[in-house]
Colleague: 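I am attaching a structure below and will ask some questions about it afterwards.
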Amino acid sequence: MADGSDSSVLYRDDWVINARRKFASAEIIFDAGQYQEAFELAGIAVECALKAKLMKMHGWNAWPGRNHKPPIEIHDLQKLCRMCGAWDELQEILNSTPNHDLIHAWGVVNSWRVNVRYKSGSFPAPLARDIVSAVGDKGLLEWLLK
């Protein structure tokens, strides 16, 4: 859809744009005190970035979709991280610089689950702050999108 031709087709640029938009929304919503929603959107931003990285890794022009084997229509950040090669890159960073910001950022983001959107009740502000910081300030989003 990046070129506007077919709304059912997702291109890498769509994932990149969505990653940045979701994160920008997460920052705004966090500042407004909507912590659960900020946590959710920051995680979705990472999911979009991982899917963009997966497309880049495989040289796909369009998102393969639901029938792809192995399944890639998932919301599991750990699985997506491994599938797109980011896990191996993180391991290399860990081996050379154990206290690197990206290692800490991934540790925070790793707690994200898509079902957080269904939780009711209050949501801890520090948890939302940590994921927004990990994705933005610690550079995880831009590292994944490079």
Side-chain angles (χ1 to χ4, degrees), residues 1-2 7-58 60 62-146:
M1 191 163 128
S7 63
S8 66
V9 177
L10 288 173
Y11 299 96
R12 183 175 186 277
D13 285 350
D14 293 316
W15 290 114
V16 171
I17 290 166
N18 277 309
R20 289 198 171 113
R21 283 183 182 162
K22 296 296 183 188
F23 182 66
S25 295
E27 290 180 303
I28 292 166
I29 290 172
F30 177 83
D31 290 343
Q34 301 297 314
Y35 304 124
Q36 181 174 339
E37 291 79 4
F39 184 86
E40 176 188 352
L41 288 172
I44 291 171
V46 171
E47 178 185 337
C48 291
L50 288 167
K51 288 178 176 178
K53 189 170 182 70
L54 185 63
M55 287 188 75
K56 183 177 181 181
M57 176 186 162
H58 289 289
W60 296 334
W63 187 248
R66 297 189 186 280
N67 296 325
H68 188 272
K69 300 294 180 206
I72 57 175
E73 283 290 322
I74 59 174
H75 305 289
D76 186 320
L77 300 184
Q78 290 178 10
K79 287 181 182 175
L80 287 167
C81 185
R82 290 180 191 279
M83 292 169 74
C84 73
W87 181 255
D88 294 335
E89 294 175 37
L90 284 168
Q91 292 305 307
E92 289 176 20
I93 293 169
L94 177 62
N95 291 335
S96 64
T97 315
N99 289 321
H100 196 284
D101 280 347
L102 290 174
I103 301 302
H104 295 292
W106 181 255
V108 170
V109 169
N110 201 27
S111 69
W112 181 86
R113 301 292 180 267
V114 72
N115 63 355
V116 70
R117 62 182 147 195
Y118 304 116
K119 301 282 183 190
S120 61
S122 64
F123 193 86
L127 190 57
R129 182 193 61 239
D130 288 350
I131 196 169
V132 169
S133 175
V135 176
D137 298 337
K138 302 292 183 189
L140 184 63
L141 184 67
E142 290 306 316
W143 176 76
L144 289 170
L145 293 174
K146 69 175 170 71

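Only this structure's heavy atoms are used, side chains among them; waters, hydrogens and symmetry mates stay out.
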Colleague: Between atom CD of Gln78 and atom CG of Leu50, what is the distance when rounded to the nearest 0.5 Å?
Modeller: 11.0 Å
Colleague: Is the shortest side-chain heavy-atom distance between Trp143 and Leu90 below 4.5 Å?
Modeller: yes
Colleague: Do His58 and Leu54 come within less than 4.5 Å of each other through their side chains, counting heavy atoms only?
Modeller: yes
Colleague: Under 4.5 Å between any side-chain heavy atoms of Ile44 and Trp112, yes or no?
Modeller: yes
Colleague: If you take all heavy atoms of Tyr35 and Pro124, which pair is closest and at what distance?
Modeller: CB-O, 4.4 Å
Colleague: Can you tell if the side chain of Ile29 reaches within under 4.5 Å of the side chain of Glu40, non-hydrogen atoms only?
Modeller: no
Colleague: Using modelled atom types only, decide if a donor and an acceptor are shared between the side chain of Asp14 and the backbone of Tyr11 within a distance under 3.5 Å.
Modeller: yes
Colleague: Show the nearest heavy-atom pair for residues Val16 and Ala52, with the distance to one decimal.
Modeller: CG2-CB, 3.8 Å
Colleague: Working to the nearest 0.5 Å, report the span between CG of Asn18 and CD of Glu47.
Modeller: 10.5 Å
Colleague: Do Leu80 and Asp76 have side chains that get closer than 4.5 Å, going by heavy atoms?
Modeller: no
Colleague: Once you round to the nearest 0.5 Å, how far does CD of Gln91 lie from OG of Ser96?
Modeller: 11.0 Å
Colleague: Does any N or O in the side chain of Glu27 come within less than 3.5 Å of the main-chain N or O of Val132, such that one atom is a donor and the other an acceptor?
Modeller: no
Colleague: Can you tell me how far apart SG (Cys48) and CZ (Arg20) are? Round to the nearest 0.5 Å.
Modeller: 12.0 Å
Colleague: For Arg117, does the CZ atom have more than 12 heavy-atom neighbours from other residues, nucleotides or ligands under 6.0 Å away?
Modeller: yes
Colleague: Determine, for Lys146 against Glu142, whether the closest basic-nitrogen to carboxylate-oxygen distance falls under 4.0 angstrom.
Modeller: no
Colleague: If we only count heavy atoms from C-beta on, is the Phe30 to Ser133 side-chain gap below 4.5 Å?
Modeller: no
Colleague: Quick one: does Trp106's side chain get under 4.5 Å of Leu77's, heavy atoms only?
Modeller: yes
Colleague: Looking at every heavy atom in both Ala86 and Lys53, which two are closest together, and how far apart are they?
Modeller: CB-CE, 3.8 Å
Colleague: Let me confirm one number: the CG-CH2 distance from Leu94 to Trp87, rounded to the nearest 0.5 Å.
Modeller: 8.5 Å
Colleague: Let's go through Trp15 and Leu10 carefully: what are the C-alpha distance in whole Å and the side-chain angles of both, what is the deciding distance for side-chain contact (heavy atoms from CB on, under 4.5 Å) to 0.1 Å, and is it a yes or a no?
Modeller: CA-CA 7 Å; Trp15 290 114; Leu10 288 173; 3.5 Å; yes
Colleague: Between Leu141 and Ala45, which heavy-atom pair has the shortest distance, and what is it?
Modeller: CD1-O, 3.8 Å
Colleague: To the nearest 0.5 Å, how far apart are CG in Leu144 and CD in Glu89?
Modeller: 8.5 Å
Colleague: If we only count heavy atoms from C-beta on, is the Leu102 to Lys138 side-chain gap below 4.5 Å?
Modeller: no
Colleague: Parallel, tilted or perpendicular: which one describes the rings of Trp63 and Trp60, with boundaries at 30° and 60°?
Modeller: perpendicular
Colleague: If you compare all heavy atoms of Ala26 against all heavy atoms of Ala42, which two are closest, and at what distance to 0.1 Å?
Modeller: CB-N, 3.7 Å
